[in-house]
Every structure is written in C-alpha cells, then in structure tokens.
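Down below is the structure, laid out as structure tokens.
All values reported here derive from a predicted model rather than from experimental measurement. Sequence lines set the chain letters: A, B, ... in the order given, protein chains first and strands last, and positions in each chain run from 1.
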Amino acid sequence: MNLVVVESPAKAKTINKYLGKNYKVLASYGHIRDLPSKNGSVNPEKNFEMQWELDSFSKKYLKEITDAAKESEKIILATDPDREGEAIAWHVKKVLEDKKLLKGRKLERVVFNEITKNAVLNGINNPRQIEDTLVNAYLARRALDYLVGFNISPILWTKLPGSKSAGRVQSVALKLITEREHEIESFKPEEYWSININFQDSSKNIISSKITIFENDKVERFTFKRKESVNKASEIIKKKNYSIKDVINKVYKRNPLAPFTTSTLQQTASGKYGFGASRTMQIAQKLYQGIDIDGETVGLITYMRTDGTNISKEAELDFRKFIKNDYGEKYLPQTPNSYSGKKAKNAQEAHEAIRPTNIKKKPNDLKKYLSSDQVKLYDLIWSRALSSQMKPAEFDRSSIQITSSDNSVSFNASGSVMKFDGYLKVYTMPVTDEDTKNILPEVKIGDSVSIDEIIDEQHFTNPPPRFSEASLVKKLEELGIGRPSTYASIISVLSNRNYVDLLNKRFHPTDRGKLLSAFLEKLFAKYVDYNFTANLEDQLDDITSGKTNYIKVLEDFWKDFYSNVGSVKEIRTREVLDMLNESLGDLVFEKDKDDQIDRNCKACENGTLSLKNSFHKLCNFYQLSRLQVYKATFKSKSFADGKFI
DNA sequence: CAGTGAGCGAGCTTCCGCTTGACTT
C-alpha cells in the first residue's frame, strides 16, 4: 500500500477516489508542528535554531498517519504547491524520521496543479524530493514573525499597559485604520460648484449636458469655487448661441470579472449580502466540505482559501459546454477567457479560483438542500465563475458636443444603451452611472439648440471613507500582507484586543489602538512600514532561488531589530509619553472628568496607593478601558519620574 | 458579627499561516 498525505480531509476524500485501492490518502490538518508560544523558541545566538512542538490538535490525526506509514511501502507527500505546502511536507517528513518510520520506505514529494483525475495521476507519475530552499524560505518567514511578535509584545506590556500584541501583519492592518482616521480628522471639506445645462432641440427634445469648456479653458472640479463665480458664468453662458458641434457613436465592451479568490469573495459577499469575512468563510467551508444531497455528501465548490484566478481545463470545457447549451453560441467566446495576467501581489496561486465543482448544479435546483445563506453564497460563486467564461456585454455609447458660436463655451452630453447583455445575463453588477444615462435624441452636426434650464449645484469634497472589513482585506491584499487563510482572523485579532471598534460596518480605531499605533510608528517604524512585507517577500524569493541563504537573511534582520528593541527598552516611560503626546496631541494628556479616577490619582501622588495596583483596580472595578485610566494616571508624579516601568 | 473593601503580591498576556470543529449569541 502507498500512503498519500494532503492538507485537508475533503481533498483527501476526492483524491482517494481518483487513486483507488492501492493508496490511502490522509489529511495532515495543517502544519502539524509549530513554534511553542513561549520565550526561546527561536535562538538567534545559535544560528536561529528553532524548537518545534506538535500541535495538540493534530496529534490524533498524526497517529493515523504514522499507523498508515507503518503499513506502506511508499509515502507520498502531496501538500499544496507553495511555500507553506512545502513546509508541511517537510514537517511530516521530520516527524516520520524522528519516529524512525522512513527506514526501508520510499518518500516522494508530489504536487497537483489542480484536483482533477488527470492532474492527480500526472502528479503521482512525476515525483520529486522536498525542495530545501523553499523550506528555508518558510523557516525564515516563520522565525522572523516569531521574533518580531515575541519581542515587541512584551515591551508593550510594560510601556503601554493594555496593549497586548504587535506583529508584522496585525500592526500594519491597525496602522491602515489609524492613519485613515487621522486623514478624516484633519480633512477640511472644500466647496465647488457644477454647471449642467438642459438644451432643447428644434423638436423640443431635452438634451442633458455638463459643461466642459468655459472661456476657452477646460472646466475642472474647482473651476467654480463660489456661488458668485457660477452666477457670473451663467450670465455669460445665457448670452450665447449654441449648436451641435460633433456627434460620436461608439460601441464599448465591458469584460466579465475573474472568478472569485478568497479576497474578492469576501468583498463581494460583504457588499451584496453584508456578510462579515468570517461568516463568508464559514459558509464557504460548508459548501466545500460537502452538503448532504439525497443521502450523498457532495462538495459543491472548490477550495475557498485561494489567491488563484485560473480554473482547471476540465472545468473550463464544462463551463463552455454549459454556456453553449443553456445560453446559446452567441454567449460563448471563441477562446476561453484567461485571468492569469491580473494576479495579486505575492499571490502563490497554489489553488484554482473558487468555482462550483459541477456547473450543472444550478443554485435554484439546490434550494431545498441548502440554508438561505448557503444558497446566497453558492449563487454568487456559481454565477461569477460561469460569467467569467462568457462574452463581454456591449453598449452603444453616444456623445454629443454642443458649442457656442464663438467656440468659447462647450458642453457634453452622453448616453449609452446596452445592445448585448453577454456575461451580465448571469452575473448582475451594480449598475453604474455610465450605463443608466438616457438615450439621446437623434441630432445632426450643425443643428442649433437653445438653453432650456441651467442647473448649478453646490458640492463639498468628502473625506476618504473609513475601512470596512471588505475594503481592509482588499487593501491588505494589494500590499501583499496576510494570506487568504488569515484575512478573517486579522480582523478578529484587532477587535478582540480592543484596538478597533466596528461601528456601522466601519472600523474606528479605539483610543488604545491610536496610542499603540503611534507608539509603533515612533519606535518601530521600519517594521510597520507598508513595504516591510514586500521587501521580506523579495528576500524569501532569493532564498528560494538559491541566491542567498536564510541564515543570512535572518542575521541581517536581527542585527537591526535587536538594537532597535534594545534602545526602546532603555527609554524611560516619561520620554515615551512625550513622544506620543507630540503625535497624538491631547489624547494622552486629556483631563478626565471622572471623580473616581481623580481621587485615585491623588492617592497615587500622595503615595497611599501604588500606581500599578490602582491601575489594575481601576480597570477592573470601574470597567474602564486601560486608556481612560492611563489618561488620569499619567498626571501622577511617580509616573512622570519614570518609576512605573 | 458579618460583610465589604483596601492593599499587596504573584502570575499571566504575545507572532503568522495552515487546518477543522466546537463553542457562543
């Protein structure tokens, strides 16, 4: 018998079907080992030696694997074809080695580019060995994340009580939210005016247009800043005669969107149904693992944690057949649509895009087997995937230019009509302004038109919007920070630690979050920089390609980081406060009106109550945030003297 | 006399990425 190890049980089941009785396919359920959550798991003094510990959770699954290994001639490690997948294969190998189970057995590393019968058999027939350079890139990533997190976090416990954690990913996510808040706070709305004119042709048809040129200059957003300048312009406009200068008719196409990745699914499910990131993932997980349909468990979608936008050749053929049969030849592009060019930063593309496993299972037909949430999400995935292989939608867009006889003032009217729905037949998009504009009347160049109505409107510029779960995930993905499997948990870490509040589906940083972010920005700027992860990824690529080794990368990082940590530890609390006060203004020293806190503060200053105890007590007893208490205690003498460290 | 609260001291917290299923609301 041969043992095959993959990462997830649902996948194990599918692959077992393809491989038949001579193979036993088991799931590792993740990495199986990790660095223990305590000090000293990585030792920079000894070439960054790492201690590994079996996950308590994967122990029972590991027993199945070791038992099966004993009865196998060959052990095939078929985890995902990316860095973390290679690492899992390596961990499994190491554990089997430790248990002396590899003697007399062949060990192979195999990758499947997609989970179809052909690809699986093809993979099995082309085995290789574990790639050490890829494993080394993982080791560097893992060690660095540990060193950053487990060195900065304890500093917070003493210098910034209440703030519990910092890390390469969570701290940048927090920074995005606090910086946006700062932009909003300092935003000053600017006034501007728009001028639209309804013209009338000789048959009394109305043409709605907006001004493009005034007194020979192009009109821009801030051309008319005040009511007076609009009034003056209107007087000038009224006095002129107008005619049709140009008519342009064009066909434009709107292309379908790529099938879903984790990130785009989370964004769309949030926009369309208001699902939070973790809710979306839970529903998708169920659809992936399988739904009971007439006594049989059927996995309805492909893997939901992915950054890939391609779909398997087999699925592509199925989709095309389905489009041809159900919608007709005219919806089928000549060659299949491809989306591989638009990949996200740092995408590993180890998995296909999220798509239905069987396109013939229509959302409507599955209604009686699924919960309403499941139907909604399946429908979204089904239609997005199918539409991605359909033809673009086509619109007739016409635009009319209306100009004054002296050519000094010009207006533009445009309208468009859909003439072929294409992919919009199955995937409905929020309709944009561009598509809804009225049909324009038939006019000829040279026709004269008269002004029917001048519409001037006052506007103000708006501050940038606060991040939602969806827009935060989108931004993180753009920056290449975090992975499909972690987007949802990044959000819960920020909320659970009370760094942010989600109000009306928008992230507001708490006082604590602002304080923490300012602290990190002041004292660990390099490690919360938006480009830190991107630079790290470049170095990891160099490790993978053999250009450099992982010890060197870690040493370079550690030299700077270690001295940074050292100097922050030296800083007196008082200096930290001064720095924070500079960047946050009255947030830190704001006088709190609460009498209870004032009394405790006095007790601190008189020496009848130790600061640390008052701190804990106040927090627990009055149910105050640490920061509120902080504001008060900062004023006390012992704090100012730096005794509280 | 019982219950309450002030005060003290010891012990704890933490990273990212890969899994699932057991929790709660």
Side-chain angles (χ1 to χ4, degrees), chain A residues 5-12 26-42 50 55-62 79-80 82-92 138-158 160-173 262 279 281-282 284-286 288-290 303-307 346 348 350-351 476 481-490 493 496-497 516 527 533 536 540 561 599-600 603-604 607-618 620-621 626:
Chain A
V5 180
V6 297
E7 288 172 35
S8 90
K11 206 183 197 175
L26 293 175
S28 73
Y29 289 81
H31 281 87
I32 69 167
R33 300 197 303 181
D34 198 8
L35 300 173
S37 287
K38 58 181 192 207
N39 286 332
S41 296
V42 175
M50 294 176 229
D55 292 346
S56 57
F57 144 87
S58 52
K59 268 182 189 155
K60 67 172 174 184
Y61 304 112
L62 193 61
T79 44
D80 294 347
D82 60 6
R83 190 200 302 146
E84 299 296 326
E86 203 74 7
I88 293 175
W90 176 79
H91 278 302
V92 173
Y138 157 77
L139 293 175
R141 198 278 301 158
R142 185 67 194 86
L144 185 143
D145 280 337
Y146 170 89
L147 290 169
V148 170
F150 276 65
N151 278 291
I152 300 184
S153 299
I155 292 179
L156 303 178
W157 305 341
T158 57
L160 218 57
S163 296
K164 287 199 174 307
S165 61
R168 174 177 61 84
V169 170
Q170 60 171 275
S171 298
V172 178
T262 303
R279 183 168 167 201
M281 292 312 278
Q282 273 171 20
Q285 176 95 27
K286 280 268 185 300
Y288 165 70
Q289 283 180 315
Y303 196 57
M304 64 283 150
R305 289 188 275 267
T306 175
D307 50 22
N346 292 331
Q348 312 260 332
H351 301 279
L476 287 171
I481 295 169
R483 304 276 312 129
S485 63
T486 59
Y487 293 138
S489 57
I490 294 166
V493 165
N496 291 343
R497 305 247 197 280
L516 172 57
Y527 306 95
T533 292
L536 172 65
L540 296 180
F561 183 68
R599 231 184 298 145
N600 270 273
C604 284
T608 52
L609 183 65
S610 91
L611 192 65
K612 194 176 172 189
N613 278 318
S614 81
F615 208 86
H616 285 276
K617 189 152 235 65
L618 283 166
N620 295 336
F621 190 71
R626 296 267 175 140

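Residues satisfying the salt bridge (charged side-chain N to carboxylate O under 4.0 Å, His left out) criterion with R497(A), sequence neighbours excluded, are absent altogether. In terms of the side chain to side chain contact (heavy atoms under 4.5 Å, CB included) criterion, residue partners of K59(A) (sequence neighbours excluded) are, by chain and number, L54(A). Scored by the salt bridge (charged side-chain N to carboxylate O under 4.0 Å, His left out) test, K11(A) finds D80(A) as partners (sequence neighbours excluded). With sequence neighbours excluded, the residues forming a salt bridge (charged side-chain N to carboxylate O under 4.0 Å, His left out) with E86(A) are R109(A), R128(A), listed by chain and number. Take Q289(A) and apply the side chain to side chain contact (heavy atoms under 4.5 Å, CB included) test, not counting sequence neighbours, and it matches Q285(A). The salt bridge (charged side-chain N to carboxylate O under 4.0 Å, His left out) search around R33(A) returns none, not counting sequence neighbours. Every residue meeting the side chain to side chain contact (heavy atoms under 4.5 Å, CB included) condition with P36(A), not counting sequence neighbours, appears here in chain and number order: K38(A), S41(A), Q51(A), E53(A).
Spacing between atom CG of L516(A) and atom P of dT13(B) amounts to 19 Å, rounded to whole angstrom units.
Base pairing in DNA chain B yields no stem of at least 3 consecutive Watson-Crick or G-U pairs with both distances under 3.5 Å.
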* Could you write nucleotides 15-25 of chain B as a row of B, S and -, 5' to 3', where a protein heavy atom under 4.0 Å of any base atom gives B, of only sugar-phosphate atoms gives S, and otherwise -? -> BBBBBBS----
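Side-chain contact between P484(A) and D307(A) is present, with at least one heavy-atom pair separated by less than 4.5 Å.
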